[in-house]
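Small disclaimer: the values here were computed from a predicted structure and weren't measured. Chain identifiers are assigned alphabetically (A, B, ...) following the order of the sequence lines, protein sequences preceding nucleic acid strands; residue numbering begins at 1 within each chain.
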Amino acid sequence: MTEDKNLELAELLYPHIKTLPEDMERRYPPRNLPEGAKVTRFAPSPTGFIHLGNIYSALIDERLAHQSGGVFFLRIEDTDEKRAVEGGTELIIDMLGKYGIYFDEGATKDGDKGDYGPYRQSLRKEIYQTYAKQLVREGKAYPCFCSPEELEQIRSEQVAQKLTPGYYGKWAKWRDASLDEVKKMLDDGVPFVLRLRSQGTEGKSFKFTDLVKGEIDVSENFIDHVILKSNGMPDYHFAHAVDDHLMRTTHVVRDESWLPSLPLHIELFRALGFKMPKYIHTAQVLKIDEETGKKRKLSKRKDPEFGLSFFYESGYPPIVMIEYLMTLLNSNYEEWRMANPDKHYTEFPFSIKKLSPSGCLFDFDKLNDIGRDVISRMTADEVYSQVSEWAKEYDPELYAEISADPSYAKAIFAIGRGGKKPRKDFAKWSDVKPYLSFFYDRLFKIEDEIEPRFDKADIRRALELFLESYEEADDRNAWFDKIKAIAAELGYAPEMKLYKESPEKYKGNVGDVAMFLRVALTGRLNSPDLYDVLHVLGKERVAGRVREFIGSLG
RNA sequence: GGCCCGUUGGUCAAGUGGUUAAGACAUCGCCCUUUCACGGCGGUAACAGGGGUUCGACUCCCCUACGGGUCACCA
């Protein structure tokens, strides 16, 4: 009786669906993968925007799949046309590609790749409806014709009565509607959503094991959630169950804000007769909200500065972001990194067990430290090519200067690089310009002043003597001996030791003389090693700047 | 508010019943040094609170507090 009713209802609702679940099972058979291989996915909406939290979980997905010889695919969750952004999918693929995250299958810039597609949910309508129709046949789902106003009405009554809001029990007016009632609405062309006929009980709970949270308490779902929207498209929950089953996902990685809907997902998988994947609900990356002073999860709308593209534009090399995220993901990563400074992060034995169940605050200090460290290990050539790639897009002035004479630029980047204890001047590419601007005449300017306590005549004399004695061929020691000699001639201590013993005997020390020269050449009180600077600048430029500085002394 | 998750120094965090409670970043001091950066050495700094269980709790249980998340035809 009721079975007949359900069969008729299913035909009434989805007459155009001729396929059955078994057709889908045949079309998407279990994957032929070695034991232990994990299948994971990254499943964004095509908004074109990826923030730190997204790549945080994408990295986990990627590592789990590729470390186990499995499959990592990209699925586009575009069931809500309102969220879609023109070219959003391409933007996401490009951005992830910049960070070295690649997919084995899924949506690509020219169509889909792989045997389990389509990988864009908007193209999977028939698949969802096949399962939805089956659920109706089995009496596990039913149409609901309530208008948004009616639902709002129900909701406010529930709130007034301090009841759990939602479509369930006596509030679920279409749950037990007769076939005739449904037919009437259908004939009148009233739009409907499909709802799950929940079997759960409010207040009941059970244990569930999440791979990072461990054993957690889950309340039974008892709400007749929407599974197919009035446009016939599934919502997230239904699509998740159908897609991850058919695409044979073994591990679902998502942030913990999904935990509250886990009960629904569990009921959905049971109703559909699917085996549950393993779940990895990750803690969130948080920030301190400027207004409240409290921690909160990153928000796409409020925190554009945590968008991946923002970090990219700021010049953080993608690998630096990855390195930082790895330290957050697996706490033993830093130790491993110190022991294996030259290995690629993919060689690190990534472990689910090491994922922390608690949220973490994003730390720019730490990011910058990692940035300095990573960049300090690059060769001058690598630095040059990465800086120019970045500057080409985000700092045309810098790009123009360095690309005009690559070997000059590389000589600059070579200063203090390559040894056991390399300089760490840059955490990100936007730090480069302020550091090297003085090497370029167009960017050079006197930024710092020599303290007025020094006699201008001394400064002039020191620089004149330098000009007379400077030989580019001198080695480091010979060069500095000459600076010492100049110091002595002016009545400045030629050795720091002498000066410290009796500062009253001298007008200053050799360091001060070097400082005069430093300001003349770099315009600053601080700079990289002067001998190196001199040689990069070249004799001509050195002489020119020193003369000009002498002139400016008046 | 209901439900769920979390809580070791300023930050990220080791720890899995007996530790002087690691390490990294930040911070402070000293050293190296012609400036800066690097590097070296050292310091300050933590188990949210209260009950149990136990010979013994950071570790196990309960309660409280605090923090976070979530309650859509959005994902």
- Message: If you go through the side-chain atoms of A:R83, does one of them form a donor-acceptor pair with the base of B:C74 closer than 3.5 Å?
- Response: yes
With a 4.0 Å heavy-atom cut-off, tell me which residues in [range] come close to RNA chain B, sorted by residue number.
range: residues 213-234 of chain A; result: A:K213, A:I216, A:D217, A:S219, A:V226, A:K229, A:S230
range: residues 514-525 of chain A; result: A:A514, A:R518, A:L525
range: residues 320-337 of chain A; result: A:L328, A:S331, A:E334
range: residues 296-303 of chain A; result: A:R296, A:K297

* Do A:L262 and A:I216 come close enough that some side-chain heavy atom pair is under 4.5 Å? ->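 The answer is yes; the side chains approach within 4.5 Å.
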Notebook entry, point to check: Are the charged groups of A:R461 and A:D458 less than 4.0 angstrom apart, N to O?
Noted result: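 So A:R461 does not pair with A:D458 through a salt bridge.
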Describe the nucleic acid contact of [X] in one word from base, sugar-phosphate, nothing, applying a heavy-atom distance below 4.0 Å.
X: A:R476; result: nothing
X: A:F480; result: base
X: A:K162; result: nothing
X: A:T79; result: sugar-phosphate
X: A:K497; result: nothing

5'-most contact on RNA chain B (nearest-nucleotide basis), A:F362 vs A:S205, goes to A:S205
Exercise for the section: With RNA chain B as reference, determine whether A:K354 or A:S261 sits nearer its 5' end, using the nearest nucleotide of each. Expected result: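 Nearer the 5' end of the strand: A:K354.
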Nearest-angstrom distance from the residue atom [atom1] of [X] to [atom2] of [N]:
X: A:D255; N: B:A75; atom1: CG; atom2: P; answer: 16 Å
X: A:L262; N: B:G69; atom1: CG; atom2: P; answer: 19 Å
X: A:Q284; N: B:U70; atom1: CD; atom2: P; answer: 7 Å
X: A:D431; N: B:A37; atom1: CG; atom2: C1'; answer: 13 Å
X: A:E150; N: B:A72; atom1: CD; atom2: C1'; answer: 16 Å

Separation of the C1' atoms in B:A48 and B:C58, to the nearest angstrom: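 Comparing C1' positions in B:A48 and B:C58 gives a spacing of 12 Å.
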Pick the P atom in B:U59 and in B:A26, then give their distance to the nearest Å. 31 Å
By side chain to side chain donor-acceptor pair (under 3.5 Å), A:E489 pairs with (sequence neighbours left out) none
Across all chains, not counting sequence neighbours, the side chain to side chain donor-acceptor pair (under 3.5 Å) partners of A:S527 are A:R518
**Message:** For a stem of at least 3 consecutive Watson-Crick or G-U pairs with distances under 3.5 Å, i pairing with j, i+1 with j-1 and so on, which stems involve RNA chain B?
**Reply:**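 So far as stems of 3 or more pairs are concerned, RNA chain B shows B:1-7 with B:65-71, B:10-12 with B:23-25, B:27-31 with B:39-43, B:48-52 with B:60-64.
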Which atom pairs link the protein and nucleotides 39-47 of chain B when you take only N or O atoms and keep those under 3.5 Å?
unit_1	atom_1	unit_2	atom_2	d
B:G39	OP1	A:K424	NZ	2.9

With the side chain defined as heavy atoms from C-beta on, A:R372 is closest, among B:A24, B:A26, B:G68, to B:A26
- prompt: If you check the A:W479 side chain, which of B:C73, B:C25, B:U34 turns out closest?
  reply: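 Looking only at heavy atoms from C-beta outward on A:W479, the closest nucleotide is B:U34.
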Is there a side-chain polar atom (N or O) of [X] under 4.0 Å from OP1 or OP2 of [N]?
X: A:R155; N: B:A72; answer: yes
X: A:R254; N: B:U70; answer: no
X: A:S257; N: B:G68; answer: no

Can a donor-acceptor pair be found, under 3.5 Å and without considering hydrogens, that links the side chain of A:D363 to the backbone of A:D365? yes
Next on the checklist: Hydrogens and angles aside, do A:Y333 and A:E323 bring a side-chain donor and acceptor to less than 3.5 Å of each other?
Outcome noted: yes
Inset, instruction - Examine A:R195 relative to A:Y167 and say whether NZ or CZ is less than 6.0 Å from the centre of the six-membered ring and inside a 45° cone about the ring axis. - result: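 Cation-pi check for A:R195 and A:Y167: passes.
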Residue list, salt bridge (Lys or Arg N to Asp or Glu O under 4.0 Å) with [X], at least two apart or on another chain:
X: A:D455; answer: none
X: A:R372; answer: none
X: A:E382; answer: none

- request: Determine, stepwise, if the pair A:F350 / A:L355 fulfils side chain to side chain contact (heavy atoms under 4.5 Å, CB included).
  value: CA-CA 9 Å; A:F350 186 84; A:L355 289 170; 4.2 Å; yes
Nearest atoms (heavy-atom pairs only) where A:G166 meets A:I154: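 Answer, listing the atom of A:G166 first, then A:I154: O-CG2, 4.4 Å.
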I'd like to check the ring-ring contact (aromatic ring centres under 6.0 Å, His included) partners of A:H240; sequence neighbours left out, ordered by chain and number.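 Applying ring-ring contact (aromatic ring centres under 6.0 Å, His included) to A:H240 gives A:Y236, A:H265, A:F269, A:Y279.
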